Amino acid sequence: MVAYKSKMVERIRLPSRERRERALEEAGYNVFNLAAEDVFVDLLTDSGTGAMSDAQWAALIRGDESYAGSRSFDELESAVREVMGFSRVVPTHQGRGAENVLYGTLVSEGDVVLNNTHFDTTRAHVANQGGDPVDCPVEAAHDLASDEPFKGNFSIERAREVVDDVGAENVPLVISTITNNSAAGQPVSVENTRRVRAFADEIDATFVIDACRFAENAAFVREREAAFADGAEIVEIAREQLGYADALVMSGKKDGLVNAGGFVATEDDALFERCKQRAILYEGFPTYGGMAGRDVAAMAVGLREAVEEAYVTDRLEQVRGFAAMLEDAGVPIYTPPGGHAVYLDASAALPHLSSDEFPGQALVCALYREGGVRGVELGSFAFPDTDRPELVRLAIPRRTYHKEHLEHVVETAAAVLENRETISGLEVATEPAVPELRHFTAALEPIPL
């Protein structure tokens with residue numbers, strides 16, 4: 001089922017092979033450094049890259065740009081309360097702004113922070129506060145072919161081992177990311193969320209849900225968790241699952257369906273006041289938080305659209321269809337596919353390259369060189385000194401690409417694999433001082449075959 005039709009189009013073009021080769025070299029073999037005009041199909045991220053609805057554009061025009069007391073903020077506050085069940089909202093310019101506000105409030109030097117799997121900016125914010133980010137994924141998360149329904153779950157057993165080692169007094173914060181982006185966008189069950197809530201209470205820790213893709217997660221819950229198989233509405237499932245948290249951190253650029261914006265939400269008055277004061281310092285006044293009023297208004301509409309049946313069904317089906325096409329073409333992928341992206345198994349795609357040669361990044365560069373397709377590596381290059389599989393994420397922007405675009409990506413990937421022996425590994429030439437963020441700006445160079 002297709003849930004929408006196009007009302008505006010943008011012309012795109014595939015640069016010549018020669019231009020792609022030159023652009024890749026000039027970018028230091030890091031596709032973050034490519035100019036957008038040199039990319040044909042851009043699957044680098046689903047964050048802020050989707051198309052807004054006509055209702056969102058109408059809200060954009062009506063946005064209230066008042067510095068304080070904006071009507072647009074009232075609309076966002078109402079939407080967060082209605083859709084997510086939280087009444088105290090601190091807006092920010094995007095998700096990492098919300099992370100700075102919340103984790104800068106909750107994390108101190110020497111703290112240990114547990115997460116089902118930290119994403120790059122989450123890991124960096126914890127480390128920046130002097131904390132130690134520790135991943136607690138379930139075993140199935142690293143089994144790329146397992147058919148477990150909730151491979152994104154938080155491992156209570158692993159978390160207990162960490163607490164036994166460092167002491168509960170040093171673990172003030174427990175996070176569950178839904179869906180689990182760094183574990184191939186795999187969903188988290190409501191039952192697991194209840195157990196994490198109980199565990200956080202047991203060790204007297206604050207429980208935070210990273211809710212960037214809460215609607216997609218709720219759709220998976222309805223499909224796969226028996227307790228919700230009776231046709232519960234997406235919004236009902238979302239409110240229950242989110243309601244176990246003390247606070248939410250949200251990038252509106254995902255399931256808020258906007259190009260900019262985020263927020264922290266809580267029911268804790270004391271935490272709300274602390275976050276609000278930090279937001280004033282880093283983001284802006286608490287009723288705009290680094291966004292224009294029009295962006296705040298568009299996000300209020302987007303949150304409601306994200307839990308609409310037609311939208312979320314179409315979203316998941318597009319990702320599944322893309323995954324099926326890749327599998328049919330013999331491209332190794334992480335299964336089952338998540339809600340926002342298909343993850344390629346770079347180790348299987350390029351078995352002649354060791355992890356020291358960054359097979360994921362080599363595959364990313366090969367996809368761009370072959371067909372102007374931009375993805376992102378989420379393996380040993382993006383997450384140094386962590387034990388994670390070598391994955392390449394092909395994230396699908398919401399309501400943006402059609403089947404023909406994805407067919408081009410599949411043809412590109414198949415062509416890359418036909419000539420995989422010619423693909424060389426890479427080594428880091430220059431990198432920033434913050435290792436958690438090196439993949440954004442580091443430069444690499446090919447290793448001779």
Side-chain angles (χ1 to χ4, degrees), residues 24 27-34 39 41-46 117-121 123 135 137 141-145 180-186 322-323 326-327 329-335 337-338 340-396 409-410 412-417 419-429 431 435-447 449:
L24 192 59
Y29 298 90
N30 185 343
V31 295
F32 278 98
N33 298 328
L34 291 170
V39 177
V41 179
D42 200 347
L43 307 184
L44 180 74
T45 180
D46 62 318
T117 316
H118 287 82
F119 195 58
D120 48 20
T121 59
R123 177 174 293 275
D135 294 340
H142 290 171
D143 184 346
L144 277 60
N180 191 338
N181 189 7
S182 293
Q186 295 297 301
F322 181 36
L326 285 164
E327 283 194 294
V331 180
I333 68 171
Y334 187 116
T335 59
H340 71 287
V342 177
Y343 289 68
L344 309 187
D345 181 354
S347 294
L350 304 178
H352 62 291
L353 299 182
S354 68
S355 61
D356 306 359
E357 298 171 297
F358 303 131
Q361 188 66 13
L363 182 56
V364 166
C365 291
L367 291 169
Y368 175 73
R369 186 186 294 110
E370 178 65 33
V373 175
R374 179 159 64 173
V376 67
E377 189 265 9
L378 293 179
S380 53
F381 177 53
F383 298 103
D385 302 320
T386 62
D387 182 21
R388 298 192 183 186
E390 303 291 346
L391 300 176
V392 169
R393 186 186 70 181
L394 300 179
I396 303 179
V409 177
V410 173
T412 297
V416 165
L417 294 191
N419 300 288
R420 69 184 81 192
E421 296 82 4
T422 66
I423 298 173
S424 65
L426 297 163
E427 60 185 2
V428 175
E431 59 184 321
E436 293 85 3
L437 300 177
R438 74 173 180 181
H439 57 298
F440 288 113
T441 58
L444 302 99
E445 53 189 24
I447 300 171
L449 285 170

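For clarity, every value in this text was computed on a predicted model and none was experimentally measured.
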Using 0.5 Å steps for rounding, measure from the [atom1] atom of [X] to the [atom2] atom of [Y].
X    : Y    : atom1 : atom2 : answer
E390 : Q361 : CD    : CD    : 10.5 Å
L353 : S347 : CG    : OG    : 9.0 Å
E357 : L444 : CD    : CG    : 12.5 Å
I333 : D345 : CD1   : CG    : 10.0 Å

**Request:** Evaluate the side-chain contact (heavy atoms from CB on, under 4.5 Å) criterion for residues F32 and T441: first the C-alpha distance (whole Å), next the side-chain angles of each, then the deciding distance (0.1 Å), finally the verdict.
**Result:** CA-CA 7 Å; F32 278 98; T441 58; over 6 Å; no
**Prompt:** Given F381, which of V428, V364, L426 fulfils the side-chain contact (heavy atoms from CB on, under 4.5 Å) condition?
**Reply:**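 The side-chain contact (heavy atoms from CB on, under 4.5 Å) with F381 is passed solely by V428 among V428, V364, L426.
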**Request:** State which residue, out of L344, L363, T422, V331, fulfils the side-chain contact (heavy atoms from CB on, under 4.5 Å) condition with V416.
**Result:**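 When side-chain contact (heavy atoms from CB on, under 4.5 Å) is applied between V416 and each of L344, L363, T422, V331, only L363 qualifies.
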Of the non-hydrogen atoms in [X] and [Y], which two are nearest, and what is the gap between them?
X    : Y    : answer
G185 : H340 : CA-CE1, 3.7 Å
R374 : L34  : NH1-O, 3.4 Å
P351 : A348 : CD-O, 3.4 Å
Q186 : P337 : NE2-C, 4.0 Å
N30  : A442 : ND2-O, 2.8 Å
D46  : I396 : CB-O, 3.6 Å

Is the side chain of [X] donor-acceptor paired with the backbone N or O of [Y] at a distance under 3.5 Å, no angle test?
X    : Y    : value
E377 : A382 : yes
D120 : F383 : no
H118 : S182 : no
E370 : A413 : no
T335 : L144 : yes
Y334 : A141 : yes
H352 : R420 : yes
R388 : L378 : no

**Request:** Would you please test V31 and L367 for side-chain contact (heavy atoms from CB on, under 4.5 Å) and show each step?
**Result:** CA-CA 10 Å; V31 295; L367 291 169; over 6 Å; no
**Asked** Of N181, D135, N180, which meets side-chain hydrogen bond (donor to acceptor under 3.5 Å, both in side chains) against T117?
**Response**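 When N181, D135, N180 are each tested with T117, the side-chain hydrogen bond (donor to acceptor under 3.5 Å, both in side chains) holds only for N180.
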**Prompt:** Step by step, would you call R369 with Y29 a side-chain contact (heavy atoms from CB on, under 4.5 Å)?
**Reply:** CA-CA 10 Å; R369 186 186 294 110; Y29 298 90; 4.1 Å; yes
**Prompt:** Quick one: ring-ring contact (aromatic ring centres under 6.0 Å, His included) partners of Y368, sequence neighbours excluded?
**Reply:**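 Checked Y368 against ring-ring contact (aromatic ring centres under 6.0 Å, His included); zero matches.
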**Request:** For residues P332 and L417, determine if any side-chain heavy atom of one lies less than 4.5 Å from a side-chain heavy atom of the other.
**Result:**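 Of all side-chain heavy-atom pairs linking L417 with P332, at least one is under 4.5 Å.
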**Request:** Carefully, step by step, assess T45 and R393 under the rule side-chain contact (heavy atoms from CB on, under 4.5 Å).
**Result:** CA-CA 8 Å; T45 180; R393 186 186 70 181; 3.8 Å; yes
